[in-house]
Protein chains: 2
Amino acid sequence: MSSYDVYAKNCPTRLVLDRLADKWALLVLNRLTDEPVRFNRLRRDIEGVSQKVLTQTLRNLERDGLVAREVFPTVPVTVEYSLTPLGRTLTQTVAALTHWAEENFDSVRLAQQSFDASKAGHARL
Amino acid sequence: MSSYDVYAKNCPTRLVLDRLADKWALLVLNRLTDEPVRFNRLRRDIEGVSQKVLTQTLRNLERDGLVAREVFPTVPVTVEYSLTPLGRTLTQTVAALTHWAEENFDSVRLAQQSFDASKAGHARL
DNA sequence: CCGTATCCGACCGGATACTG
DNA sequence: CAGTATCCGGTCGGATACGG
């Protein structure tokens, strides 16, 4: 079964999947879907990400060819990030994931509460 | 723009997205797509995951209502994991992600090599 | 404005040993 | 077989300071 190769350690797909399995990466790709965005704008819009981590995330995405970085020689300097053609091939899927999360949040929360309640009896400290 | 709420810190969707943005979780969901799987089978099939981390991943997915855990009173005990109906609503999207990774691995690798080569001049240790 | 560099505490995950 | 418990080194990420 070649479709099971995905689970193998040496499967190249795992390397790509590891990168996508990153909450900030997904949020960045999502934010860049409609328009190019400057660094600090991105930093402000995606609440909770530090400058360091956002930079790392963007570098990784740039290295993978999903995001393009363009520097404008203004004073002070302006840097715009946008999706590459390769990156755009991912937007449908990323949007689907986000959409699922929006649609099913209530179900997930309900399941969590139910799960936690059923385990409450064990909390005998 | 309500569709931008996804990026807000307090957005509930972020909580769900954080959980899905996990490489092991995605691989587990993928592996459970076609059939229920026992714990050690899962551990063997998904190379590189430790028992501890696989357990944690499965507990989280169970808590979120995506995965069901069934214990069979055999000797020794047998535990089967499967997708819940809620979990099955995710399989299309997860499969799409995996499929993208398979399709575009070459492009990503090429981009990485190109990126690394362009930065080689800075490696003056 | 857009980073890089450094320090440092918190958390993650592997190894190991033990239970039902 | 399927976990839980504990230890413990490595990594991640926040804070801060500084540079182009």
Side-chain angles (χ1 to χ4, degrees), chain A residues 9 14-15 17-28 31-32 36-63 67-82 115 118-119 121-125, chain B residues 9 14-15 17-28 31-32 35-63 67-82 115 118-125:
Chain A
K9 209 175 198 169
R14 284 269 293 265
L15 300 174
L17 219 52
D18 280 6
R19 173 95 350 127
L20 295 179
D22 179 299
K23 59 174 175 176
W24 299 124
L26 289 178
L27 289 170
V28 167
R31 182 63 186 86
L32 294 183
V37 186
R38 286 184 302 107
F39 182 85
N40 276 345
R41 174 76 188 277
L42 213 45
R43 176 151 159 56
R44 268 179 283 112
D45 286 352
I46 303 180
E47 296 183 26
V49 68
S50 70
Q51 185 178 39
K52 180 184 179 179
V53 173
L54 179 57
T55 299
Q56 289 172 353
T57 303
L58 287 168
R59 285 296 166 279
N60 286 333
L61 291 173
E62 190 191 356
R63 190 174 107 95
V67 161
R69 176 179 185 269
E70 190 174 6
V71 181
F72 298 91
T74 53
V75 178
V77 69
T78 299
V79 180
E80 255 188 19
Y81 291 92
S82 57
F115 183 89
S118 72
K119 303 296 176 184
H122 298 276
R124 292 291 177 81
L125 293 192
Chain B
K9 209 173 198 171
R14 284 270 292 266
L15 300 174
L17 220 52
D18 280 5
R19 173 95 348 128
L20 296 178
D22 179 299
K23 60 175 174 176
W24 299 124
L26 289 178
L27 289 169
V28 167
R31 182 64 186 84
L32 294 182
E35 46 174 358
V37 186
R38 287 183 301 107
F39 183 83
N40 276 344
R41 174 77 188 278
L42 213 47
R43 176 152 159 54
R44 268 179 284 111
D45 287 351
I46 303 182
E47 296 182 27
V49 69
S50 69
Q51 186 179 40
K52 180 183 178 179
V53 173
L54 179 56
T55 299
Q56 288 173 351
T57 303
L58 287 168
R59 286 295 166 279
N60 285 334
L61 290 173
E62 190 191 355
R63 191 173 108 95
V67 161
R69 177 179 184 268
E70 189 174 7
V71 180
F72 298 93
T74 55
V75 177
V77 70
T78 300
V79 180
E80 255 188 20
Y81 291 92
S82 59
F115 183 89
S118 72
K119 303 295 176 183
H122 299 276
R124 293 288 177 83
L125 293 191

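Just so we're on the same page: letters track the sequence lines, and every chain starts at 1.
- Using a 4.5 Å cut-off on side-chain heavy atoms (C-beta onward), Lys23(A) and Leu17(B) make no contact.
- Residue contacts shown for Arg43(A) are absent, as no nucleic acid heavy atom lies under 4.0 Å away.
- Using a 4.0 Å heavy-atom distance criterion, Phe72(A) is classed as making no nucleic acid contact.
- For the pair Arg59(A) and dG3(C), the criterion of a side-chain N or O lying under 4.0 Å from OP1 or OP2 is met.
- The two atoms that bring Glu47(A) and Arg14(B) nearest to each other are O-NH2, 2.8 Å, heavy atoms only.
- Considering only side-chain N and O atoms, Tyr81(B) lies nowhere under 4.0 angstrom from the phosphate OP1 or OP2 of dC1(D).
- OP1 and OP2 of dC1(C) both lie 4.0 Å or more from every side-chain N or O belonging to Arg38(A).
- Judged by closest nucleotide on DNA chain D, Phe39(B) is the one of Phe39(B) and Val77(A) placed further toward the 5' end.
- Atom P of nucleotide dC12(C) and atom CG of Asp22(B) are separated by 11 Å, given to the nearest angstrom.
- Distance CZ (Arg19(A)) to P (dC12(D)): 11 Å, rounded to an integer number of Å.
- Protein atom CD of Gln51(B) is 16 Å distant from nucleotide atom P of dT6(D), rounded to whole Å.
- The distance from atom CD of Gln56(A) to atom C1' of dG13(D) is 8 Å, rounded to the nearest whole Å.
- Taking 4.0 angstrom as the limit, Thr78(B) places none of its side-chain polar atoms (N or O) nearer than this to OP1 or OP2 of dC1(D).
- Computed from coordinates, the Trp24(A) CH2 to dC12(D) C1' distance equals 13 Å when rounded to whole Å.
- Map Lys52(B) and Arg44(B) each onto its nearest nucleotide of DNA chain D; the residue landing nearer the 5' end is Arg44(B).
- Rounded to a whole Å, the CD atom of Glu70(B) is 16 Å from the C1' atom of dC1(D).
- Atom pair Asn60(B):CG and dC11(C):P shows a separation of 16 Å (rounding to whole Å applied).
- dC1(C) atom P lies 16 Å from atom CG of Leu58(A), rounded to whole Å.
- In terms of heavy atoms, Glu35(B) sits closest to Val37(B) at O-CG2, 3.4 Å.
- Residues Asp22(A) and Ala21(B) come closest through the heavy atom pair C-CB, 3.7 Å.
- In the set dG14(D), dT4(D), dC2(C), the nucleotide with an atom closest to the side chain of Thr55(B) is dT4(D).
- Between Arg69(A) and dC2(C) there is no side-chain polar atom (N or O) within less than 4.0 angstrom of OP1 or OP2.
- With dG14(C), dC2(C), dA2(D) as the candidates, the nucleotide lying closest to the side chain of Val79(A) is dC2(C).
- Distance check, rounded to the nearest 0.5 Å: CG of Leu42(A) to OG1 of Thr55(A) gives 10.0 Å.
- Using a 4.0 Å heavy-atom cutoff across all strands shown, Val53(B) reaches sugar-phosphate atoms only and no base atom.
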